[in-house]
There are 2 protein chains.
Amino acid sequence: MASTAKTKEKDAGARERLMEATAQIMLEEGYAAATSRRVAARAGVRSALVYYYFPAMDDLFVAVMRAGADASLARMRQAISADEPLRALWTINTDPRWTGLYAEFVALANHRKVISAELKSYAERVRDIETAAATVALRAQGVDLNEYPPVAISMLVAQIARSLGNESAIGMTEGHEEMRELVERFLKRFASTEHAQAT
Amino acid sequence: MASTAKTKEKDAGARERLMEATAQIMLEEGYAAATSRRVAARAGVRSALVYYYFPAMDDLFVAVMRAGADASLARMRQAISADEPLRALWTINTDPRWTGLYAEFVALANHRKVISAELKSYAERVRDIETAAATVALRAQGVDLNEYPPVAISMLVAQIARSLGNESAIGMTEGHEEMRELVERFLKRFASTEHAQAT
DNA sequence: GTCTATAGACGGATAGAC
DNA sequence: GTCTATCCGTCTATAGAC
């Protein structure tokens with residue numbers, strides 16, 4: 001087996017450790033703290049090695065984003081065929097690790113063109129899949145898709161979930177309980193196992 | 001009249017110009033680009049002057065945030081007594097200038113404790129006022145406030161508005177049209193001038 | 001109140017040894 | 001593949017002249 005191919009799960013190669021370190025630092029201290037020296041230190045290597053694997057820091061950021069995005073997209077594709085697509089969407093977008101990273105990338109994109117283009121492309125794919133999931137759920141309930149466009153519903157679910165995560169990150173939890181209950185009631189109404197509205 | 005007091009509207013003092021420059025740079029290139037040298041250059045002064053008005057860069061950021069927050073809060077207090085409180089809320093939170101700055105501060109807060117505390121305190125005051133506005137609107141329509149907690153409704157309106165702004169900033173507009181129409185219909189239903197549901 | 005000058009730290013990135 | 005060493009730029013912040 002080639003050394004660059006995926007070997008054992010544990011004790012990953014330097015490249016993987018660098019990416020993981022970058023994600024952690026971004027989450028804990030913000031993207032500005034993810035410098036070549038700091039990510040190298042956390043990965044247990046010297047900073048020059050960063051530039052061996054990634055020509056420039058932007059390339060490292062893009063790699064981290066792609067990895068996270070791909071993982072998220074995979075989860076979402078599964079969600080479409082789940083029992084409750086909308087709930088799956090909600091759950092995925094509530095994952096603090098990914099929403100935190102996503103928020104950092106949005107901020108990063110604000111002044112790095114490479115990141116911005118990459119983020120937009122990812123965000124569009126995410127929206128497409130989320131919309132597909134919402135379409136499944138709404139159609140199963142016989143909802144008028146013109147009155148409640150799936151793309152809007154999927155935005156609602158995803159964005160509200162992310163908002164809760166972002167706010168929690170700075171200790172803001174006012175109204176979260178009420179919002180969660182409201183969403184819970186909404187999701188129950190669209191649980192695809194109950195095609196007729198009981199009670 | 002003292003020289004530190006508010007003089008003419010135009011050609012403001014260095015302190016005000018520094019704050020304005022900081023806000024502009026944060027919006028255009030992200031908070032990381034708002035360095036003492038760059039904000040000073042845009043304000044037309046030397047970087048050392050930044051430290052005359054603001055002991056440390058964090059103090060400058062906090063000042064910019066407070067100014068923006070106070071302006072937003074003032075608009076929101078007016079919104080409560082507006083004809084359509086929810087619509088006013090929506091309009092304020094769609095203002096790209098403020099939502100853009102807000103997003104940057106959220107990112108900044110991720111690794112600056114001073115900013116984090118300040119942001120949280122502001123966010124809580126905003127939520128309280130937004131909730132008051134939502135309460136007015138919902139009660140006028142005879143909505144069951146237990147079923148639809150004003151705090152959750154205000155979060156919905158504000159967060160979705162901000163989300164649209166954040167996405168537009170990176171060129172993501174997929175589904176925005178549908179979302180705007182959905183919100184528009186929602187807002188029309190709660191226009192407080194029509195206490196009974198016409199049509 | 002605004003400036004010049006500078007200290008001291010840290011950053012991105014590269015050259016070249018092993 | 002990983003390291004040491006280094007260049008050069010930018011940053012925050014301070015000292016002190018005007």
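Predicted, not measured: the structure shown is a model, and the values here were computed from it. A note on names: the letters A, B, ... follow the listed sequences, proteins ahead of strands, and every chain is numbered from 1.
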Colleague: Taking all non-hydrogen atoms of both residues, which atom of B:V106 and which atom of B:L119 are closest, and how far apart?
Modeller: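 Residues B:V106 and B:L119, closest heavy atoms: CA-CD2, 3.7 Å.
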Colleague: Restricting to nitrogen or oxygen on both sides, can you table the protein-nucleotides 8-10 of chain C pairs closer than 3.5 Å?
Modeller:
none

Colleague: Please identify each residue that fulfils side chain to side chain contact (heavy atoms under 4.5 Å, CB included) with B:V64, with sequence neighbours left out.
Modeller: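 Residues passing side chain to side chain contact (heavy atoms under 4.5 Å, CB included) with B:V64: B:M19, B:T22, B:A23, B:L60, B:F105.
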Colleague: Between A:E29 and A:R38, does any NZ, NE, NH1 or NH2 come within less than 4.0 Å of an OD or OE carboxylate oxygen?
Modeller: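 Looking at A:R38 and A:E29, the cut-off is met.
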Colleague: Does anything in residues 40-51 of chain B form a salt bridge (charged side-chain N to carboxylate O under 4.0 Å, His left out)? List the pairs, not counting sequence neighbours.
Modeller: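 Listed once each, the pairs are B:E28-B:R42.
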Colleague: Test of understanding: with ring pair (Phe, Tyr, Trp, His ring centres under 6.0 Å), list the residues that count as partners of B:Y148, not counting sequence neighbours.
Modeller: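 If we apply the ring pair (Phe, Tyr, Trp, His ring centres under 6.0 Å) test to B:Y148, skipping adjacent residues, there are no hits.
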Colleague: For A:V151, which residues count as a side chain to side chain contact (heavy atoms under 4.5 Å, CB included) partner, sequence neighbours excluded?
Modeller: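 With sequence neighbours excluded, A:V151 shows a side chain to side chain contact (heavy atoms under 4.5 Å, CB included) to A:R127, A:T131, A:P149, B:E178, given in chain and number order.
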Colleague: Between A:R87 and A:E184, does at least one N-O distance fall below 4.0 Å, as a salt bridge requires?
Modeller: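 Yes, this pair counts.
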Colleague: Among residues two or more places apart or on two chains, list those pairs meeting ring pair (Phe, Tyr, Trp, His ring centres under 6.0 Å) that have a residue in residues 115-146 of chain B.
Modeller: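 Ring pair (Phe, Tyr, Trp, His ring centres under 6.0 Å) check on residues 115-146 of chain B returns B:W98-B:Y122.
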Colleague: Return the set of residues passing side chain to side chain contact (heavy atoms under 4.5 Å, CB included) with A:E20 (not counting sequence neighbours), or none when no residue passes.
Modeller: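 Residues passing side chain to side chain contact (heavy atoms under 4.5 Å, CB included) with A:E20: A:Q24, A:R97.
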Colleague: In whole angstrom, give the distance that lies between atom CZ of B:R38 and atom P of D:dG9.
Modeller: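 Nearest whole value for this atom pair: 17 Å.
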Colleague: For residues 24-60 of chain A, which residue pairs pass the ring pair (Phe, Tyr, Trp, His ring centres under 6.0 Å) check, not counting sequence neighbours?
Modeller: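 For residues 24-60 of chain A, and leaving out neighbouring residues, the ring pair (Phe, Tyr, Trp, His ring centres under 6.0 Å) pairs sorted by first residue read A:Y31-A:H111, A:Y31-B:Y31.
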Colleague: At under 4.0 Å, does any side-chain N or O of A:S36 touch on OP1 or OP2 of C:dG12?
Modeller: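 So the side-chain polar atoms of A:S36 do come within 4.0 Å of the phosphate oxygens OP1 or OP2 of C:dG12, strictly under.
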Colleague: Near DNA chain C, which residues from residues 24-34 of chain A have a heavy atom under 4.0 Å away?
Modeller: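 The answer is none.
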Colleague: With a 4.5 Å heavy-atom cut-off, do B:R180 and B:L164 have their side chains touching?
Modeller: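 They are in contact (side-chain heavy atoms under 4.5 Å apart), so the answer is yes.
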Colleague: Specify the residues of residues 45-67 of chain B, ordered by number, for which at least one heavy atom lies under 4.0 angstrom from an atom of DNA chain D.
Modeller: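 Heavy-atom contacts with DNA chain D come from B:A48, B:Y51, B:A56, B:M57.
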Colleague: For the helix from C:dG1-D:dC18 to C:dC18-D:dG1, how many degrees between its two end axes (five pairs per end), to the nearest 10°?
Modeller: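 If I round to tens, the end axes sit 0° apart.
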Colleague: Are side-chain N/O atoms of B:Q159 and B:N93 paired as donor and acceptor at under 3.5 Å?
Modeller: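 Side chains of B:Q159 and B:N93: no pair found under 3.5 Å.
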Colleague: Only counting residues at least two apart or in another chain, list the ones meeting side chain to side chain contact (heavy atoms under 4.5 Å, CB included) with A:D144.
Modeller: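 Partners of A:D144 under the side chain to side chain contact (heavy atoms under 4.5 Å, CB included) test: A:N146, A:E147.
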